[in-house]
Amino acid sequence: MAETPTLFRKVLVANRGEIAVRVIRACRELGLQTVAVYSDADRNAMHVRYATEAYHIGPSIPAQSYLVMDKILDVALKTGADAIHPGYGFLSERAAFARACADEGIAFIGPNADSIEKMGDKITARYTMQSAGVPVVPGTDSKDVLSDEDLRAAAEQVTFPLLIKATAGGGGKGMRRVHSMAECDGALASARREATAAFGDGNVYLEKLIEGARHIEIQVLGDMHGSVIHLGERECSIQRRHQKLLEECPSPFVDEQLRAQMGAMAVRAAEAVNYVNAGTVECLVDKDKNFYFLEMNTRLQVEHPVTEMVTNMDIVKEQIRVARGRPLSRTQDQIEMNGWAMECRINAEDPYNNFLPSTGTITSLTLPSGPGVRVDTGVVEGDAITAYYDPMIAKLIVSGDTRGEVILRMRRALSEYRIMGLKTNIPFHLALLDSLRFQAGQFDTTFVEERFSMEPSEEDAQKLRPEIAAILAALASHRMRQQAAQVVGRNERDVSNWKLVARADKMRRY
Amino acid sequence: MAETPTLFRKVLVANRGEIAVRVIRACRELGLQTVAVYSDADRNAMHVRYATEAYHIGPSIPAQSYLVMDKILDVALKTGADAIHPGYGFLSERAAFARACADEGIAFIGPNADSIEKMGDKITARYTMQSAGVPVVPGTDSKDVLSDEDLRAAAEQVTFPLLIKATAGGGGKGMRRVHSMAECDGALASARREATAAFGDGNVYLEKLIEGARHIEIQVLGDMHGSVIHLGERECSIQRRHQKLLEECPSPFVDEQLRAQMGAMAVRAAEAVNYVNAGTVECLVDKDKNFYFLEMNTRLQVEHPVTEMVTNMDIVKEQIRVARGRPLSRTQDQIEMNGWAMECRINAEDPYNNFLPSTGTITSLTLPSGPGVRVDTGVVEGDAITAYYDPMIAKLIVSGDTRGEVILRMRRALSEYRIMGLKTNIPFHLALLDSLRFQAGQFDTTFVEERFSMEPSEEDAQKLRPEIAAILAALASHRMRQQAAQVVGRNERDVSNWKLVARADKMRRY
Amino acid sequence: MRYEVEVEGHDHIFEIVINEDRVILVDGEEVAIDFTDLQAPGLYSLLVDGESFDAMIEHQDAQWNVLLRGHLYEVHITDERTRRLHARAKMLADDSGEAKITAPMPGRVVAVPVEPGQAIAKGDNVIILESMKMENELKSPRDGTVERVNVKAGDNVEQHAVLVVIA
Amino acid sequence: MRYEVEVEGHDHIFEIVINEDRVILVDGEEVAIDFTDLQAPGLYSLLVDGESFDAMIEHQDAQWNVLLRGHLYEVHITDERTRRLHARAKMLADDSGEAKITAPMPGRVVAVPVEPGQAIAKGDNVIILESMKMENELKSPRDGTVERVNVKAGDNVEQHAVLVVIA
């Protein structure tokens, strides 16, 4: 298994947005050249501008650009890239892509194709894990493709409530919660539809819904010399429609003993598929601290930064290191967890309107900064947020000594973050941080959907300032009238005054 | 000396710019309310917008606003502030101000007035330190006010080259290097003039110029219970005209033994004046690792963040903690230095034109972000940089495992930092990071002025791309002509297109 | 200038008079203010008797959204005459006018679980719209009858397109 | 459109022809480019045969400053006719025309160590200007004679004000 260390000179980043920028930054800091690929919508994107080279690979629709293996391999071969980093999403968990890279002599910065395959099909993964002695969530146990009829029959045995999940799944796509047989047909149809759209595969299976469970995952790293280590857990129970919204490291629910047990289990899971590079073992943990393997994500995870802040390891640099054939920079004994970190996913969606995605142009942007604040983003002022891609436009990561300090610091950072031109979920995060149950660490995966509201608590409602809102609106309205009158009243504007132009512009936009 | 812990509720920040924002951020994260004060020029400044309350205290000239004790005390009393944080500069080292705060029952977040006085007069400080067994730089030994004649006589004894320094000094103001008697008169006149302007006190003294010396300083922290600890050193030799430009922690020149010796000396120096709160003992260290006390800054230092990143302590929060009468959160044994950190001061000045200050409006601003990057700043897009205040508009702080990683990361972060509308010294920092002597850690305080040039080295010159610069300029010029033609050719612009308006605006500004 | 300002969800109506630059009247009381707009369109700074407020404000016609200290306030501004007219119009229209379900963003219609003439309750799904790879359920804002359905499954729709009309 | 582009300090003159959108001629050779301006005025992105360049560009008349990968390039752009005229004008003006020492920023004149009629050498201090609390020495750009001194110690001056004229 051991290979001679390969010197990379140039890395192609087969992704866009914040994760492409994240990888390019790591490469720059390692002195590596970078090749970006971009669709029509992304010509001016940060990842294009920050890379050493950039090549157009097609229309904005991912199916015709970021998801087309051949286009990406062509660019890699043309530019002499030694390696490809797939980021997350897109081609990152396509075994065929990892294999095609290997065939062309290009290092795929991720696990080998076999590991991806074994973990990619969720049914196969369940079997493999059970054989390796890893506990899995009870569910359908057939390896065959299941018809709606099969599933209805199996549902009785699994017992309600249960989850329909896509065999090719991930990211909550094609997933439905079902509480009774009556809901089954509708849920199956909609899950299959979403799975087909997302993965090109409408097959689904069933899992028992573990009530009151937390979603906790373990970061693992493996090298080509047979070492696998874990970097502790991440708490990811703050979700809405199976989309994670806020993650933290460590989990307020995990003690040293549980961490050691889950870590050992995750290492065993990775070893069972000869895992190399970074991966994440996702688990459900019930109220009694029993844990169940859910799935393994065979790629860099969105929320990897919280682990970086607490373990002080750069996971992307470590990925590149092991892809070059070098051993991991640390052994399990050398992994220490210090302090606390939290990540808020900043999404272009309207928390006051059922979290509907929001599109538009970022007319103004102020990033939070100062001690303990990290922003991983792929957008700058002037960028358009389209419906083609994921609504996540940034990750705000905050670290500090204790969970309490981190919550206060995150509140501070969120309130400094100003994104104008489209709606974001920043108010959601602020409301969440204010909720007493969140502060106390008392939540499970259903918390946001079932026990959280954007309406302020009675105590917080006392702090509302409707009179200030009224004054602000009246003054803004008044000023706008005045300015409109001014502009109309002149034949020629004083064009040397850039603020006036900006204001005039603003007015027209309203 | 021990006092009962006082609960602060509200802190007045008697400063502006990045340091006011830094302090307000710390207060917010501690749940404290904040009161900002502002001059005419600063109505829209970040520190005004981020504070809970804000009060106007006069014209833009500091002498009529930020330097007027009574105005600031009035605001503190009116708003019921429990404490005042002075930041650095302005009133931070005025013993009279610390005393006036105490008289009004307001906690001064800094040392007591006596310590400030003893360290503030540089001549007294030299005596006090000598008595405490702290080595000082050889120089004039009289406690009296020295006339030009006295100084010329003393100069012969001190021997050339020497430094003229302001008795009330700090920040390189009123400081002149003198190599011979012939230069003496002119230098004295100019030093006294600058000292008078800066401190209202034209007295100066002489110190031997220690050639090839580094400027290395030790951060100390003291509480009201008699504990004084040090947080290791900062390397501050990268200076121009006695203004620090880049600082790092640790110093590449300091080993464990020297750190322990200098740390012990700094603690002794602080103890000699019963020091409470954060302070910095500045030293010169010669080639043979002999060190000499230069002065003690009795306040928060601009470059405190590099120490924060390496020791993982929040110095501002610690200042507030000890000002409340609580003991330091750590003992000397609990101070660990991990990794490396570096700070570049981002100044509004033109490195291609003798570093002349640059004023103007920030028309566009992109902060660097991502792993290991911290920005402490006091300006946002649209802010005007005036000649009233210090040209430092931000501090870019980078941390990582090793000095090598930090240099590469700083290069990456600097190249992401985009400030449009005025000149900054970012190109200077990039050129400095590229210099082999800097990379090797081989520099002293004269390095920037005497052995550094903005001209690229022969090796770097090979990498220049004049043809790309030519293409860029030609294309930009061409596009501008086209757009001008478009705009002129229309009776009415399509005002719904915000980009066009921005472009038209841009064109006019050129 | 006199404004009637209604802050929704908080049962507050304020009468605000703005004449001078630094002093306004709120329900007849003088309030000292200092109001400036920052460079970023929609960002404002307000000092009220020294208290500092930083707000994001946007509006459509008379409906203003003020995002202040993490909370969104929906504010209606009218002068008195307009307000009376609106109140009357609203009374007449309430529960009797048309409700239009529009596309909140561009997307593809996945399913239309309703048809013209069907009676529906507030909260019922009327359209499932796929956008950004997720299915979004658009619900009826009130009880009523489906009057018109303008789209079918598989249609691509633009933002703001009227999809279904409820009568 | 044909441009003559001189990059200072690198002894390069390029002839650049821009007609089409995606292909330009540089000294007669075709070069594939993709050039866009970003929202921030003065920020541009250029792809040349796939290589990505992010630049800040500003100009005053025919003088362009291009900040690219941490290095500042001073670029002069002219069409051929203008260039010849300029060359001639420059030849005539060199070392014979007036040199004006102007204030690079607002400030207060601390000292004027020269007086009219005095002969000075390139690099001599002609004005000491205090700004942002520091003294800045303004030096003569060439040998010559002080023709005019417009300010005295203590004067406050605006940016670009002509302080001293060297003949």
Side-chain angles (χ1 to χ4, degrees), chain A residues 10-13 16 20-21 24-25 27-28 33-57 71-72 74-81 360-366 379-385 419-421 495 498-499 501-502 505 509, chain D residues 7 10 14 16 18-26 29-73 75 102-106 157-162:
Chain A
K10 196 185 274 190
V11 176
L12 184 147
V13 182
R16 65 176 300 285
V21 172
I24 289 169
R25 282 174 169 157
C27 290
R28 282 189 79 144
Q33 292 192 282
T34 48
V35 180
V37 291
Y38 64 94
S39 71
D40 286 347
D42 285 338
R43 166 61 185 91
N44 285 348
M46 272 170 89
H47 76 283
V48 171
R49 294 163 43 216
Y50 286 6
T52 329
E53 299 171 52
Y55 298 88
H56 179 246
I57 51 163
K71 288 187 176 180
I72 288 166
D74 279 353
V75 173
L77 292 170
K78 181 172 75 179
T79 58
T361 294
I362 299 175
T363 53
S364 153
L365 178 65
T366 307
V379 298
V380 294
E381 209 169 282
D383 282 358
I385 307 305
I419 303 172
M420 308 294 290
V495 287
W498 68 275
K499 269 204 89 165
V501 173
D505 178 33
R509 234 172 316 138
Chain D
V7 183
H10 305 285
F14 300 94
I16 296 180
I18 306 175
N19 291 319
E20 292 165 82
D21 243 21
R22 295 303 193 108
V23 179
I24 60 173
L25 292 173
V26 179
E29 300 274 331
E30 286 196 352
V31 177
I33 57 123
D34 180 347
F35 178 71
T36 67
D37 43 356
L38 306 172
Q39 192 219 344
L43 255 186
Y44 297 88
S45 169
L46 172 68
L47 303 179
V48 179
D49 283 331
E51 204 175 351
S52 177
F53 299 94
D54 214 30
M56 289 165 52
I57 307 179
E58 47 165 33
H59 82 121
Q60 244 185 337
D61 306 324
Q63 162 81 47
W64 294 69
N65 288 328
V66 177
L67 191 57
L68 175 65
R69 296 186 177 174
H71 186 78
L72 182 80
Y73 299 84
V75 180
T102 59
M105 63 241 157
V157 297
E158 293 301 310
Q159 191 172 13
H160 302 314
V162 177

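Quick note on labels: first sequence line is chain A, next is B, and so on, each numbered from 1. These values consider heavy atoms only, across backbone and side chains, with no hydrogens, waters or symmetry-generated copies.
- Note that CE of A/M46 is 10.0 Å distant from CG of D/D54, once rounded to the nearest 0.5 Å.
- Nearest approach of A/R49 to D/L43, heavy atoms of both residues: NH2-CD1, 4.4 Å.
- With a 4.5 Å cut-off on non-hydrogen atoms, A/A51 touches chain D through its backbone but not through its side chain.
- With sequence neighbours excluded, no residue satisfies side-chain contact (heavy atoms from CB on, under 4.5 Å) with A/D74.
- Scanning for side-chain contact (heavy atoms from CB on, under 4.5 Å) contacts around A/R43 gives A/Y38, A/V48, D/D34, D/T36, D/S45, D/L47, with sequence neighbours left out.
- Taking CZ of D/F53 as the start and OG1 of A/T52 as the end, the distance is 10.0 Å to the nearest 0.5 Å.
- A 6.0 Å sphere centred on CD of D/E30 holds no more than 12 heavy atoms belonging to other residues, nucleotides or ligands.
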